[in-house]
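To keep things clear, I will list the structure first and then write my remarks on it.
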Amino acid sequence: MQKIIDRFVKYITVDTQSDPDNPAFPSTEKQWDLAHILVGELKEIGMQDVTIDDNCYIMATLPSNVDFKVPTIGFIAHIDTSPDYTGTNVKPQFHPNYDGKDIVLNKEENIVLSPSYFDDLLLYKGQTLITTDGTTLLGADDKAGITEIVSAMEYLINHPEIKHGKIRICFTPDEEVGKGAHMFDVEKFGAEWAYTMDGSQVGELEYENFNAAGAKVTVNGKIVHPGYAKGKMINSMLIANEFIAALPKNEIPQETEGYEGFFHLHGMEGEVEKTTLEYIIRDHDMELFEGRKALFQKVADDLNEKLGSKLVEVEVKDQYFNMRKQIEPVMHIVDIAEEAMKQLNIKPIIKAIRGGTDGSQLSYKGLPCPNIFAGGHNFHGRYEYVPAESIQLATEVIVKIAKITAERAQ
Ligand SMILES: [Zn+2]
């Protein structure tokens with residue numbers, strides 16, 4: 001356990017925050033700092049074909065140790081941390097044998113991690129919690145995932161009695177800015193399927209995410225002196241207001257959960273002559289998703305008809321799709337992960353992601369890729385924490401998946 005903690009601490013104390021505003025790849029130079037450390041470490045523990053490409057993707061192989069054919073599987077985690085909160089100078093705090101009470105992260109600034117607000121803390125009574133000092137994020141997202149993959153590979157190397165096929169691993173940059181899958185060379189990776197180690201609570205196993213589109217509404221008006229405006233002025237903001245009101249009122253993020261989709265207005269800019277609305281449209285179900293996009297267009301068409309002029313323009317662009325469609329034909333890859341958890345007495349928590357993952361993009365690039373828990377909570381902020389025991393469990397899940405995949409191929 002101490003070895004896993006030390007490894008995790010080594011990774012989180014290297015700042016790897018990514019930058020959504022920089023079009024360069026990777027988006028920040030500092031991601032190379034951890035990448036170079038990881039390349040050295042993978043070679044040191046005995047991984048083969050350790051490569052790092054010009055875009056900061058690290059790949060490595062653990063060769064098969066059996067003489068029959070086993071599908072090549074992969075494990076993936078990301079190097080960067082969220083742009084939402086600083087990852088500079090992370091100073092982890094350790095709370096062994098957690099007593100279920102408030103944790104003072106920072107006395108001076110009175111920052112407290114409390115189970116009265118974050119009740120999932122109580123799941124981990126008696127365990128060793130790793131928290132921040134209240135001034136940075138922790139980076140368990142996703143350095144817990146990296147720790148688990150490296151530790152599992154090391155374990156398999158040191159325990160050749162555990163039989164497994166060829167395993168490929170990859171650490172990607174820029175996941176937090178939505179580009180982790182962009183430069184991922186699926187062919188070079190050469191796995192039949194893979195798992196991202198990037199979920200939260202112990203047991204999480206995800207293979208469904210939203211279908212997603214971005215939509216822009218442009219309303220064109222006509223400015224006339226208000227004193228002489230009767231019958232002449234067209235106020236684009238008031239028409240935009242009608243557009244907003246015509247969409248279903250309850251189908252918005254703060255009113256929906258589970259499999260319920262939504263329209264989310266996330267930006268607007270207006271004056272009399274011109275108003276623009278920025279929306280995102282989300283739904284797990286493809287038919288409902290298409291229905292939402294059609295409704296969006298219909299609201300504009302109806303308004304144009306009522307106004308007798310084409311003043312409202314709509315532009316809808318698909319962003320990503322539910323990976324479920326790519327996973328369903330290969331459901332055994334989910335079964336294997338579920339079986340691995342059950343063998344470790346972990347209750348699988350299977351739920352649909354209300355967002356996207358790199359795994360969804362990879363699944364559509366031909367690498368089916370469900371997501372497994374990495375163990376952290378409260379990502380992207382100062383309240384982020386991870387129980388050391390959860391990192392250990394996720395490491396064991398990886399080992400089990402390798403073992404079960406080989407057993408099933410025999
Ligand atoms: Zn992540």
Side-chain angles (χ1 to χ4, degrees), residues 7-8 11-20 25-28 30-31 34-35 38 56-58 74-87 90 92 120 130-132 136-152 169-184 194-210 212 319-320 323 337 349 351-363 367 369-387 390-391 393-395 397-398:
R7 177 168 277 150
F8 177 65
Y11 301 159
I12 58 174
T13 45
V14 182
D15 183 2
T16 56
Q17 188 178 39
S18 49
D19 177 2
F25 214 102
S27 68
T28 50
K30 56 191 174 185
Q31 293 181 65
L34 180 57
L38 290 169
C56 200
Y57 286 72
I58 300 169
F75 295 94
I76 300 166
H78 63 88
I79 295 168
D80 64 319
T81 63
S82 171
D84 293 347
Y85 210 70
T86 178
V90 172
D120 40 38
I130 308 173
T131 69
T132 70
T136 65
L137 51 65
L138 183 66
D141 176 14
D142 189 22
K143 289 160 185 172
I146 298 178
T147 305
E148 291 149 10
I149 294 171
V150 176
S151 302
I169 66 171
C170 180
F171 302 134
T172 75
D174 282 342
E175 190 271 352
E176 297 289 1
V177 292
K179 299 193 294 192
H182 283 201
M183 302 290 188
F184 193 110
Y195 303 92
T196 47
M197 301 301 296
D198 196 20
S200 179
Q201 185 180 334
V202 170
E204 277 185 8
L205 173 56
E206 300 157 328
Y207 61 93
E208 293 181 81
N209 58 280
F210 274 142
Q319 292 169 319
Y320 55 84
M323 74 166 106
I349 304 170
K351 59 179 187 357
I353 305 170
R354 291 179 64 77
T357 71
D358 272 1
S360 74
Q361 292 180 51
L362 291 173
S363 295
L367 180 68
C369 199
N371 188 37
I372 291 176
F373 72 91
H377 285 262
N378 304 338
F379 290 165
H380 301 186
R382 61 172 81 191
Y383 296 106
E384 190 182 3
Y385 73 92
V386 63
S390 298
I391 301 180
L393 277 176
T395 304
V397 167
I398 295 171

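FYI, the numbering just counts along the sequence from 1. Order of listing sets the numbers, starting from 1, for every ligand and every atom in it. Everything numeric here is computed off the predicted structure, so don't read it as measured data. Keep in mind that the numbers below use all heavy atoms, side chains included, and drop hydrogens, waters and symmetry copies.
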>> Is a donor from one side chain sitting under 3.5 angstrom from an acceptor on the other, for Arg7 and Ser151?
In response: yes
> Do you see a donor-acceptor pair shorter than 3.5 Å between the side chains of Asp141 and His78?
Replying inline: yes
> Under 6.0 Å between ring centres, would you say that holds for Tyr385 and His377?
Replying inline: yes
> Listed by chain and number, what are the ring-ring contact (aromatic ring centres under 6.0 Å, His included) partners of Tyr383, not counting sequence neighbours?
Replying inline: Phe118
> Does Glu176 have any salt bridge (charged side-chain N to carboxylate O under 4.0 Å, His left out) partners at least two apart in sequence or in another chain, and if so, which?
Replying inline: none
> Going by chain and residue number, what protein N/O/S atoms come nearer than 2.8 Å to the Zn ion (ligand 1)?
Replying inline: His78 NE2, Asp141 OD1, Asp198 OD1, Asp198 OD2
>> Checking Asp19 now: which residues fulfil salt bridge (charged side-chain N to carboxylate O under 4.0 Å, His left out) with it, not counting sequence neighbours?
In response: none
